[in-house]
Novice: 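Please see the structure below; I have some questions.
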Protein chains: 2
Amino acid sequence: MEADTLELESFLPYRLYRLADAVSREFSRVYKDRHGLTRPEWRTLAGLGQHGTMTATALGEQSAMHKTKVSRAVAELERRRWLTRKPDEKDRRVEHLTLTRAGLTAYREMVPLAKAFERDLLGRLNASERAAVTEGMAALKGALDRSTTQL
Amino acid sequence: MEADTLELESFLPYRLYRLADAVSREFSRVYKDRHGLTRPEWRTLAGLGQHGTMTATALGEQSAMHKTKVSRAVAELERRRWLTRKPDEKDRRVEHLTLTRAGLTAYREMVPLAKAFERDLLGRLNASERAAVTEGMAALKGALDRSTTQL
DNA sequence: CCAAATTGGTTTCGTTTGTAACCATCGAAA
DNA sequence: TTTCGATGGTTACAAACGAAACCAATTTGG
């Protein structure tokens, strides 16, 4: 291989992105085809389903979304009446978000599908491959944290 | 952990996406900050730099981009005079794309930066972690190919 | 107590994206 | 050779996005 050439197919950022995109696209069927949700909306639903009640800021932190994404996702889920906002008593800038019964129903419907998706995907791997996936992701995350922090 | 709850932080599609996004964002400095390129434009440049001459379709296949992305990226690189189009002799629908001297210069400038980025990132890992990354990604890709094909 | 800086969240604006429609050309089949 | 489906590539349109400006409420520091 030539030294002044980059082989895109084996370039880590490219491979990783492509992989994540493919997995994510595949999984998006669960929330997109089924309920017409966008990814931020799905993540918002998942965050609230998991934690019960959260603020928009907390949602953004948990699921790594920009505040504008959170804002729009929350607005849409509210329009669907899948969540409600309750102003904080002490700090009137803050809103506490909670799923409605309808939102919770949708969430509960999707959780098993999400789990099945993950199980199916990992089920195609043998134990050592699964271990490699886990270890590799953790290691990369660690490396990334180290490099990002050092800025 | 409750059975009817999904822990987003450890959910594979989410973790993988987040990881790829972080790596990709970090790397985008190389082409975005430096030359104001978008990702499709960078991939186009990388494809042509690597292969010399390609058609738009081939570019799309190599770097997993939708044809509209390719079309726009090519148009922009042409506007910059970083590539030229040459119509195919036999099939007048097809265009052969080649980097100009200026495009090649930009490419040659970025290749070492890309390699350094990858080397730095992987350099933070020990040998077994690196192996895990490689093996894990290959395994996941395999699993994904198997599931997507089966549709 | 007041001005300035900060924070939670929304809105605006320009850019990027995906889907679908589209145009031109080509190949195969009638 | 004419027609019809497939293919290479572009364009139009609407949705999604990020950055920055913005509003309101809160904290900080003089």
Side-chain angles (χ1 to χ4, degrees), chain A residues 17-18 20-22 24-26 28-29 31-33 35-45 47-48 53-80 83-98, chain B residues 17-18 20-22 24-26 28-29 31-33 35-45 47-48 53-80 83-98:
Chain A
Y17 187 92
R18 204 150 151 32
D21 191 60
S24 184
R25 240 185 181 63
E26 227 356 66
S28 77
R29 298 167 175 272
Y31 54 81
K32 190 176 222 165
D33 290 5
H35 292 289
L37 294 179
T38 63
R39 182 161 43 218
E41 284 155 20
W42 149 250
R43 285 191 185 172
T44 299
L45 187 71
L48 294 180
T53 289
M54 301 175 81
T55 68
T57 303
L59 266 171
E61 279 163 9
Q62 194 216 1
S63 51
M65 296 190 291
H66 190 78
K67 57 203 287 205
T68 63
K69 271 192 190 173
V70 175
S71 176
R72 292 185 253 236
V74 167
E76 169 59 20
L77 293 188
E78 185 187 31
R79 200 193 58 70
R80 290 184 185 227
L83 65 75
T84 55
R85 315 178 187 233
K86 190 165 53 177
D88 183 281
E89 293 296 326
K90 326 220 159 179
D91 187 339
R92 282 181 300 176
R93 292 170 303 181
V94 177
E95 296 177 325
H96 298 279
L97 308 166
T98 316
Chain B
Y17 187 92
R18 208 152 149 29
D21 192 58
S24 184
R25 243 186 179 61
E26 228 354 68
S28 77
R29 298 168 175 273
Y31 54 81
K32 190 176 220 166
D33 291 4
H35 292 289
L37 294 178
T38 64
R39 181 161 45 216
E41 284 155 20
W42 149 249
R43 285 192 186 169
T44 300
L45 187 70
L48 294 181
T53 289
M54 301 175 81
T55 68
T57 303
L59 265 170
E61 278 163 9
Q62 194 216 2
S63 51
M65 297 191 290
H66 190 80
K67 58 204 282 206
T68 62
K69 271 191 190 172
V70 175
S71 175
R72 292 186 254 238
V74 167
E76 169 59 21
L77 294 187
E78 185 187 30
R79 201 193 57 70
R80 290 184 186 225
L83 66 75
T84 55
R85 315 178 188 234
K86 190 165 54 178
D88 184 281
E89 293 296 325
K90 327 222 158 175
D91 187 338
R92 280 182 301 174
R93 293 169 302 179
V94 177
E95 296 178 325
H96 298 278
L97 308 166
T98 315

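Lettering of chains follows the sequences in order, A, B, ..., and the numbering in each one begins at 1.
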Novice: Please assess B:Leu45 against B:Leu83 for the test side-chain contact (heavy atoms from CB on, under 4.5 Å), listing each intermediate value before the final yes or no.
Specialist: CA-CA 9 Å; B:Leu45 187 70; B:Leu83 66 75; over 6 Å; no
Novice: Under the salt bridge (Lys or Arg N to Asp or Glu O under 4.0 Å) rule, collect the residues that match up with A:Arg25, sequence neighbours excluded.
Specialist: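 Residues passing salt bridge (Lys or Arg N to Asp or Glu O under 4.0 Å) with A:Arg25: A:Asp21.
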Novice: Would you please confirm or rule out a distance under 4.0 Å between OP1 or OP2 of C:dT17 and any side-chain N or O of A:Arg39?
Specialist: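 False: A:Arg39 side-chain N/O out of range (4.0 Å or more) of C:dT17 OP1/OP2.
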Novice: Who pairs with B:Gln62 by side chain to side chain contact (heavy atoms under 4.5 Å, CB included), at least two apart in sequence or on another chain?
Specialist: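 If we apply the side chain to side chain contact (heavy atoms under 4.5 Å, CB included) test to B:Gln62, skipping adjacent residues, the hits are A:Leu8, A:Glu9, B:Gln50, B:His51, B:Met54.
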Novice: Stepwise, does the side-chain contact (heavy atoms from CB on, under 4.5 Å) test hold for A:Leu77 with A:Leu37?
Specialist: CA-CA 9 Å; A:Leu77 293 188; A:Leu37 294 179; 4.1 Å; yes
Novice: Would you say A:Arg72 and A:Thr38 are linked by a side-chain donor-acceptor pair, where the criterion is simply a distance under 3.5 Å?
Specialist: no
Novice: Would you name the heavy atoms of A:Leu59 and A:Val74 that are closest together and state the gap between them?
Specialist: CD1-CG2, 4.4 Å
Novice: Among residues 63-74 of chain B, which ones have heavy-atom contacts with DNA chain D below 4.0 Å?
Specialist: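 B:Lys67, B:Thr68, B:Ser71, B:Arg72, in order of number.
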Novice: Whole-Å distance between C:dG8 C1' and A:Arg92 CZ?
Specialist: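 Going from A:Arg92 (CZ) to C:dG8 (C1'), I get 14 Å.
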Novice: Check every nucleotide of DNA chain D for an atom under 4.0 Å from a heavy-atom of chain B, then give the first and the last such nucleotide from 5' to 3'.
Specialist: D:dA6 to D:dG18
Novice: Identify, between B:Thr38 and A:Lys32, the residue whose nearest nucleotide on DNA chain C lies closer to the 5' end.
Specialist: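 Its nearest nucleotide being more 5', the pick is B:Thr38.
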Novice: Taking for each residue the nucleotide of DNA chain D bearing the nearest heavy atom, is the 5' side occupied by A:Pro40 or by B:Arg85?
Specialist: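 Per heavy-atom nearest nucleotide, the more 5' residue is B:Arg85.
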Novice: With rounding to the nearest 0.5 angstrom, report the OG1 to CD distance, B:Thr57 to B:Glu95.
Specialist: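 Here the interatomic distance stands at 10.0 Å.
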Novice: Hey, where does DNA chain D pair up into stems, meaning at least three consecutive Watson-Crick or G-U pairs with distances under 3.5 Å?
Specialist: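 Detected stem regions: C:1-30 with D:1-30.
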Novice: Output, in order, the C-alpha distance, side-chain angles, deciding distance and verdict of salt bridge (Lys or Arg N to Asp or Glu O under 4.0 Å) for A:Arg80 and A:Glu76.
Specialist: CA-CA 6 Å; A:Arg80 290 184 185 227; A:Glu76 169 59 20; 3.2 Å; yes
Novice: On DNA chain D, does the nearest nucleotide to B:Arg25 precede the nearest nucleotide to A:Arg93 from the 5' side, or the other way round? Give the residue.
Specialist: B:Arg25
Novice: Any side-chain heavy atom of A:Lys32 within less than 4.5 Å of one from A:Trp42?
Specialist: no
Novice: Could you list the residues that satisfy salt bridge (Lys or Arg N to Asp or Glu O under 4.0 Å) with B:Asp91, not counting sequence neighbours?
Specialist: B:Arg93
Novice: Can you check the B:Glu95 CD to C:dC26 P distance for me, whole Å?
Specialist: 13 Å
